[in-house]
Participant: 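Below is a structure I'd like to ask you about.
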2 protein chains.
Amino acid sequence: MTDTKQKILDTAERLIAEQGYAATSLRHIIAEAGVNLAAIHYHFGSKEELLDEIISRKIGPVNAERVARLDQVLLESGAGPVAVEKVLEAFLMPMGEAADRTPAFVPFMGRLMAEGLLPAVIRKHMEGVFIRMVAALRRALPDLPEEEFAWRLHFMSGAMAHTMCGAGHFPELGAAEGGFRSRVGRLVTFLSAGFRAPRTAPETTEPRSEER
Amino acid sequence: MTDTKQKILDTAERLIAEQGYAATSLRHIIAEAGVNLAAIHYHFGSKEELLDEIISRKIGPVNAERVARLDQVLLESGAGPVAVEKVLEAFLMPMGEAADRTPAFVPFMGRLMAEGLLPAVIRKHMEGVFIRMVAALRRALPDLPEEEFAWRLHFMSGAMAHTMCGAGHFPELGAAEGGFRSRVGRLVTFLSAGFRAPRTAPETTEPRSEER
DNA sequence: GTCTATACTGAGATAGAC
DNA sequence: GTCTATCTCAGTATAGAC
């Protein structure tokens, strides 16, 4: 890979991690990287495709590790029950190891999630492992109604996004900066309990009658 | 309020609910509303302040209802224990009633959350009730360590954001469209179980030793 | 094959005429 | 209170230098 291309990728990843995708202009990237504006469009075609390549070059090992761990969890449990915690950990922890190798990547991904850029860009890189994780999770929770299960997956992805982003939206609440692993540990505890909760009783979904 | 201003507010709210804040240009808004571009800057000053006014005019009653319900929950429990479910419901349900009155508002707010616009705009409208809700939740969970509690609040806000947004990022998972109340009911079940989970054991936060 | 210079379109913002 | 004209900066496209 040419030096120019490399510099663009590294600089863009860092700036997007710091400021977000929308707030990072191509002109800001080229200024910091010391390259020409058109070089971005020569090497990548567009801002969106640049984003795609930043993800592509780093997400591969993470997802491979995820699949390996998920397979191991399923193997270890054999025909017996699968533990929710193990599945979630297998899916979430590999991101932390990527963070050790390349520090900007986790906040970078967190930013993208927070900005709602998953559908257009990230999904294509994540869909395979995500489906795999969902299947494992379904085996861990065979009695949960399908609709309830589907909603809980949404709750999970929301919580994941905000956790990876780090700061979250209410910094004054004092989210102490633990390492990524401790953060994921707490998230796994929280989500596992949520997934294991009994189905929602129908009357909970009714409007409350009393008014104040 | 002048008719021009009203038309801008209504049109902008609808378009942002449909397409998101970033994707909705002022020129698109004025075209649909049938007004002049400069009218937006005359009445509101900027796109951001327009956003602020759309929120301001609707969030008031919602937050008043939230405070009323939170107070009622605390009153009913007196000196006894407070139920997590009651607190979360008191905070989340009033949004659903706003949805009945003005259908575009919930997806509008969901979009903003999904786009990560909370810190700049929404926080100032929500901070008061949020702090109040956090205090009530703390009373419901007196034994949870502060740091664990803080993280769980982050997990909650992430899950909330994605839930309000409706579709979420993985539509192929088949999130059936229940009404807002059933959705909130499921969310309350999930979050309550998560909040009540025992503290995360330290060893869960350690790196796993085995590799595949 | 790589990279530079420059121009095009559409965004939000602003000044000043009416 | 409203509208026209214009400014700056964004992402994008292309012609041509090396």
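Proteins come first, then strands; the chains are lettered A, B, ... in the order of their sequence lines, and each starts at number 1.
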Participant: State whether A:T24 places a side-chain N or O below 4.0 Å from either non-bridging phosphate oxygen (OP1 or OP2) of D:dA10.
Facilitator: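 No.
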Participant: Do the side chain of A:R138 and the main chain of A:L141 share a donor and acceptor less than 3.5 angstrom apart?
Facilitator: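 Answer holds: yes.
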Participant: Does A:R66 make a cation-pi contact with A:F91 (under 6.0 Å, within 45 degrees of the axis)?
Facilitator: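 Verdict for A:F91: a cation-pi partner in A:R66.
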Participant: Would you confirm whether the ring centroid of B:F190 sits within less than 6.0 angstrom of the ring centroid of A:F195?
Facilitator: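 Ring centroids of A:F195 and B:F190 are less than 6.0 Å from each other.
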Participant: What integer distance in Å separates A:K5:NZ from C:dT4:P?
Facilitator: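 Computing the A:K5:NZ to C:dT4:P distance gives 16 Å.
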Participant: Between P on D:dT12 and CG on A:L50, what's the gap in Å once rounded to a whole number?
Facilitator: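 After rounding, the reported distance stands at 10 Å.
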Participant: Counting N and O atoms only, with roles assigned by atom type, does the side chain of B:S157 sit under 3.5 Å from a partner on the main chain of B:H154, one being a donor and the other an acceptor?
Facilitator: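 Such a contact is found between B:S157 side chain and B:H154 backbone.
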Participant: Once side-chain contact (heavy atoms from CB on, under 4.5 Å) is applied, do any residues pair with B:R57, and if so which ones, sequence neighbours excluded?
Facilitator: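 Checked B:R57 against side-chain contact (heavy atoms from CB on, under 4.5 Å); matches are B:Q6, B:L9, B:D10, B:E13.
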Participant: For a 4.5 angstrom cut-off between non-hydrogen side-chain atoms, does A:L88 reach A:M156?
Facilitator: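 Touching, per the 4.5 Å side-chain cut-off.
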Participant: Looking only at the side chain of A:K47 (C-beta and beyond, no hydrogens), which of the listed nucleotides D:dG11, C:dA13, C:dT4 gets closest?
Facilitator: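 Nucleotide nearest to A:K47's side chain: D:dG11.
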Participant: Between C:dT2, D:dT2, D:dA10, which nucleotide has the shortest distance from any of its atoms to the side chain of A:Y42?
Facilitator: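 Closest nucleotide among those given: C:dT2.
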Participant: Does any N or O donor sit under 3.5 Å from an N or O acceptor when you compare the side chain of A:R27 with the base of D:dG11?
Facilitator: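 Check passes, donor-acceptor contact within cut-off.
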Participant: Within this structure, what is the CE-to-C1' distance between B:M1 and D:dG1, rounded to whole angstrom?
Facilitator: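 B:M1 atom CE is separated from D:dG1 atom C1' by 15 Å.
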Participant: Looking at A:Y21, I'd like to know if the NZ or CZ of A:K47 sits under 6.0 Å from its six-membered ring centre while staying within 45 degrees of the ring's axis.
Facilitator: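 Flagged: A:K47 positioned over aromatic ring of A:Y21.
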Participant: Rounded to whole angstroms, how far apart are CG on B:L26 and C1' on D:dC9?
Facilitator: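 For the pair B:L26 CG and D:dC9 C1', the rounded distance is 15 Å.
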Participant: Nearest whole Å is fine: how far is C:dT4 P from A:I40 CD1?
Facilitator: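 That distance rounds to 12 Å.
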Participant: Quantified as the angle between the terminal helix axes (five pairs each), what is the overall bend of the helix from C:dG1-D:dC18 to C:dC18-D:dG1 to 10 degrees?
Facilitator: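 The end axes of the helix from C:dG1-D:dC18 to C:dC18-D:dG1 are about 10° apart, to the nearest 10°.
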Participant: B:E49 CD to C:dG12 P: how many Å, rounded?
Facilitator: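 After rounding, the gap between these two atoms is 14 Å.
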Participant: Atom CG of B:N36 and atom C1' of D:dG1: how far apart are they, to the nearest Å?
Facilitator: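 Rounded to the whole Å, the gap is 11 Å.
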Participant: Does any donor atom in the side chain of B:Q19 or B:T24 lie under 3.5 Å from an acceptor atom in the other side chain?
Facilitator: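 A pair is found: one side chain offers a donor N or O, the other an acceptor, under 3.5 Å apart.
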Participant: Between the protein and nucleotides 13-18 of chain D, list the N/O to N/O atom pairs that are separated by less than 3.5 angstrom.
Facilitator:
none

Participant: Give the minimum heavy-atom separation between A:R186 and B:T200, together with the two atoms involved.
Facilitator: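 Heavy atoms of A:R186 and B:T200 come nearest at CA-OG1, 3.4 Å.
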Participant: Find the distance A:I30:CD1 to D:dA10:C1' and express it as a whole number of Å.
Facilitator: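 So the CD1-C1' distance, A:I30 to D:dA10, works out to 12 Å.
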Participant: From the set D:dC3, C:dA11, D:dA10, return the single nucleotide nearest to any side-chain atom of B:S25.
Facilitator: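 Looking only at side-chain atoms, B:S25 lies closest to C:dA11.
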